[in-house]
Enquirer: 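Below: one structure in structure tokens.
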Amino acid sequence: MIRNKSMRRATLVSAIVATGAMLLSTLPAQAATPGVTAKEIKLGISSPLTGSAGLSYGKVPGAMKAYFNYINANGGVYGRKITLVSRDDKYLPVRAATETTNLILKDNVFALVGALGTATHAKAYKAAALAAKNVPDLFVNTGFSGFTNQVKYPTTFMVLPTYAMEAKVIAKAIKDNFPGQPSLLIAQDDEFGTDGVAGFTAAGHKFSAPNVLYPQGYFSTPGRDAAVITSLKGLLALAPGSKPVIVLFGTTDVTAALLKAATDAGVEKSFTWYAGSVGADANTLLALGVKSTTIDGVVSASFMPDAKDLTDPYVKQFVDINTKYNKGITFDNYVLAAMNSAMLTVQALRAAGKDLTRKGVMTAIETKGAKFASAGLVPLGYSATSRIGYNGYWVSQLNAKGEGKPFGGKLVIYTTDSGAGAVEVSTFVRPTMPKNGIPTNS
Amino acid sequence: MKNINLKKSLVALTTSALIAALAVVIPTTAQAAPTCDDQTVLAGKSSTSITFKKCVGTDFQGANYEIRMPKKFNGTLFLYSHGIRHSTVLPQIPVINPSALDIATGYPEGWRSKLRTFPEVAPGRSPADQETIARTLLSQGYALAGASPRVGGWAVPEHIEANMNLLEEAKTLFPKINKIVSWGDSLGGHISQSMSEQFDSIDAAINLHMAGSADVQFSQLGDVIWLTKTLFDPTIKGHGYENRFPGDPDGYKVFITDIYKVLGVLQTLQANIQKNPVTPAWPDTAPASLKASPIPVRSAIMLLGLLAGIPPQSTTYDASSGPAGPLETTFGLAVNPAVAVLENYSSALGLGILAGYDAQIRCGGVVYDNTKTDYAARLGDNRYTWATALSGNTSINGMLAYLSPLNPAAPRVKGDADAIDCINNQSKYNGKVSTPTITLSQTADAITPAGYVEKFKNLYQGNVSAKEAKPGLLLNIWNKPPDTYTKFSSAGLPITPAVPTTGTSHFMFTNEQIMAMAKLGAAAAKSGKLPSTKTALAAFKKDASIFIDPDFTPALMPQEK
């Protein structure tokens, strides 16, 4: 006869319990921190090296490695050299999930740094079980406000402001600098644009026509950009004599497509083009075929100094490092941002102390991160309750050389939050750069 | 584009053909003493000669069984539960039932889901593989047994009964049996698990890509059908066939007609995407408002997959790759995952319509109810992750609005509460694991997605927390696809692999992987403990597609939300 479970005889005996207790008392101490040895700290990054996004972001891992190598050549972090393992996710969510998982399970990295993209990283974060494994997820390059949710992303620290914050600052800048002009928002029809629309709404900005929302990849379809330009001409017709402000809240490829279409239509100077920070890299725009005369005058928002500004000590230091440790790579805004994130990383590792743990580095950023030295011209906002990096923007304007200069000739820094808080002019003065760009914080 | 191998000319069924196909298979109920004979066969690469006693018989409830007992028996018996088989006689239909049934010869060619009641004694991708596995285990001294329940379809209780009867018979015939490993694949994995939770005669359970409990499984399959009907062809009936087989042929005719309609949808979607992958046309049968919308139909396919829980990776499509050139990234983001869903979709749709029909017969009513389903909430963060494939928020919101219960063109399905209770009570496991249990699952399984195992894991962990199960009795092993695998021809067209990609499709485990699981199961049965992760991985001999990570948390089925 087949016995039922309820008939199973009890087998537990107290001796087993006692033996178990004895065994527990002799277990070794906590296992070693993954990715950390006496001589090495292994970090990982999943980002696009190839594919269409690789054109813009492909330099990021190399630039971070260059900075880490510079630090390594100058003693490392408490004697440990930093190794950065880079994997190419092509800006594709499933690839990002795969490569991030590989970084954790195969490469055994201590932490992730500089992951890029909302869809990619949201997918990767869960797939690689970063929360369950308590893997520090440092200085993520996306402004999606969802990553501020510490319940869903308990180990994530953003470096960018949120897109909502950027939209609020743009709204303020339009109000201050282009009063009375019609305005129109052309935004990516996903979380990027949703955050942006929420920011404009929170700022009370009213556009002159319904938002033009497009799915990512939309402008890969021939003729779509020209169709949008046709609709923009309608805006001109509605307000003769005006110079409407067109806010481009999307990636650089779309900014380029629309600027080229406007140029082809001969209306590029009929508008003030206000490109969000994600889509306003001048070098990329030029590489994508936008004429320098069209770029001249484009307004943008930024939290970093311009990569061409060699009077900035951080920029100058990073250029020097790039020349020596990243040979053959042109220094640009992406290299600058990458080296800046690498510098933040080194400070986070140092602040965590010699006994490096995953929890320790996250606590260090929460408690000390707001004071880290950084090239950013706006304050960092890290705290126990905030995982947002930079907390504001300054308004820049590109010239024909692709240089970003303070709009109106004066640097004005705006700070705000992701919610209903006001946009305020800040008197923030960034920390002095560590000597030779080598942090010595603790 | 991948050819799903649909025949272009689907011949309309005539009434006479339907009636001819409408045969009722009445299982034999005559109990017979087992017939045993000695057999000697060759096994393994070195063609070792093995001798075993093969016993076949029929239990008192009409289930056929088979036992193979090697001459050099080591004391452990593997009890195998096969997957679902049709309960309904079908005419030859592409994809759904590619080979015509041959009742006269007893369905000898081994098609996995064909109506038949003969037992199998080991898992495998094909009858030849099953025999290879069987002989290898016999050569190692293991005994084998398997039963086939007296009825087909979602026959969980009948299969468990047949297995228990078989164990009684086996122990009577061969008293030296002292350890039993229960194993099964797909629905058989579900059966194996349910049985090991109910009976203490099982010493270890090996569940291969196990099916979910009926509550979620039939919700998933029902969603696949309802979404297909609503988005692509509202004339599909889908649920609630009025006069169900075998009581009246009219219901059966509607059911068969539905099969042809869903195949027509699949065929059209395939052709339209092949013609224009970026902006494919909607099927002519789709609702007019959707056809007139700017939403590409590939986004509707993607939405269907996300809402129903169909993986966006398939045997051809890795959800990432694109042909080299300017559209590489766009294809990878927007097209590849959608056509992966389409490739998986045919399997899920086939199972859905057949299993759903069977469940309606079994329980006397509609076993699916989506009157309260909030599809917008169900989509959750997937709207961000797959924003490009879904063509952005405006497109997503438009499609979700169409699926809203407020849309009279998208009527919801009201289930029969008694029928739902019936199927749910017949087919569930509760995670009260009390014997070493090891699962092997594909991360991109088309029919039993990884979410089912995640649910099982959660149930077990809940029982451990509640002190209703002991810790350390469940090991989840995963089989994943390569990091990238979609191949393109020089013309930029995707190439379907000759052998399904590991980690995808359904039941594509290799003989080596199955033998590794058998080895682990036998050891666990003997020791009463799970193997360590290191030991378990070693059994797979550096198989790059296998991983073990207790922190790996595949998404639960969307129906769980």
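Letters A, B, ... are given to chains in the order of the sequence lines, protein chains preceding strands, and every chain is numbered from 1. Computed from a prediction, not measured in an experiment: that's the story for all the values here.
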Enquirer: Given heavy-atom pairs under 4.5 angstrom as the criterion, report whether the side chain, backbone, both or neither of A:D89 touches chain B.
Expert: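 Neither part.
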Enquirer: What part of A:F144 gets closer than 4.5 Å to chain B, counting heavy atoms only: side chain, backbone, both or neither?
Expert: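 Interface part for A:F144: side chain.
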Enquirer: Given the options B:T172, B:T394, B:L390, which has more heavy-atom pairs under 4.5 Å with chain A than any of the others?
Expert: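 If we count pairs closer than 4.5 Å to chain A, B:T394 comes out on top.
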Enquirer: Going by atom types only, do A:T252 and A:D281 share a side-chain donor-acceptor pair under 3.5 Å?
Expert: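 No donor-acceptor contact under 3.5 Å links the two side chains.
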Enquirer: Top residue by heavy-atom pair count (under 4.5 Å) with chain A, among B:T388, B:L333, B:T329, B:D551?
Expert: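 Looking at each option in turn, the highest pair count goes to B:D551.
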Enquirer: Kindly indicate, with the supporting measurements, whether the criterion ring pair (Phe, Tyr, Trp, His ring centres under 6.0 Å) is fulfilled by B:F547 and B:F552.
Expert: CA-CA 10 Å; B:F547 74 95; B:F552 176 59; 5.1 Å; yes
Enquirer: Checking B:N393 against A:T194: is there a side-chain donor and acceptor pair closer than 3.5 Å?
Expert: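 A donor-acceptor contact under 3.5 Å links the two side chains.
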Enquirer: What part of B:D549 is in contact with chain A, defined as an atom under 4.5 angstrom from a non-hydrogen atom: side chain, backbone, both or neither?
Expert: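 Interface part for B:D549: side chain.
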Enquirer: Could you verify whether a donor N or O on one side chain and an acceptor N or O on the other, from B:N336 and B:S320, lie under 3.5 Å apart?
Expert: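 The answer is no; no qualifying pair exists.
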Enquirer: Cut-off 3.5 Å, side chains only: do B:S299 and B:S391 have a donor facing an acceptor?
Expert: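 On atom types as modelled, these side chains qualify, holding a pair under 3.5 Å.
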Enquirer: So what's closer than 4.5 Å to chain B heavy atoms on A:Q188: side chain, backbone, both or neither?
Expert: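 Looking at A:Q188, nothing touches chain B.
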Enquirer: Please flag which part of B:D318 lies under 4.5 Å from any non-hydrogen atom of chain A: side chain, backbone, both or neither.
Expert: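 Backbone only.
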Enquirer: Do B:E343 and B:S314 have side-chain N/O donor and acceptor atoms under 3.5 Å apart?
Expert: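 A pair is found: one side chain offers a donor N or O, the other an acceptor, under 3.5 Å apart.
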Enquirer: For B:D381, is it the side chain, the backbone, both, or neither that has a heavy atom closer than 4.5 Å to a heavy atom of chain A?
Expert: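 Interface part for B:D381: side chain.
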Enquirer: Let me know if B:T484 has heavy atoms under 4.5 Å from chain A in its side chain, its backbone, both or neither.
Expert: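 Only the side chain of B:T484 comes within 4.5 Å of chain A.
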Enquirer: Answer with side chain, backbone, both or neither: which region of A:A127 has an atom nearer than 4.5 Å to a non-hydrogen atom of chain B?
Expert: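 Backbone only.
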Enquirer: Counting heavy-atom pairs under 4.5 Å to chain B, which of A:D190, A:T120, A:V94 comes out on top?
Expert: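 Heavy-atom pairs under 4.5 Å are most numerous for A:V94.
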Enquirer: Check whether B:A319 gets within reach of chain A through its side chain, its backbone, both or neither, counting any heavy atom under 4.5 Å.
Expert: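 Contact with chain A is through both the backbone and side chain of B:A319.
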Enquirer: Can you see whether B:N276 engages B:R298 through a side-chain donor-acceptor pair at a distance of less than 3.5 angstrom?
Expert: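 No donor-acceptor contact under 3.5 Å links the two side chains.
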Enquirer: Side chains of A:D137 and A:T155: donor-acceptor distance under 3.5 Å anywhere?
Expert: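 There is no such pair between these side chains.
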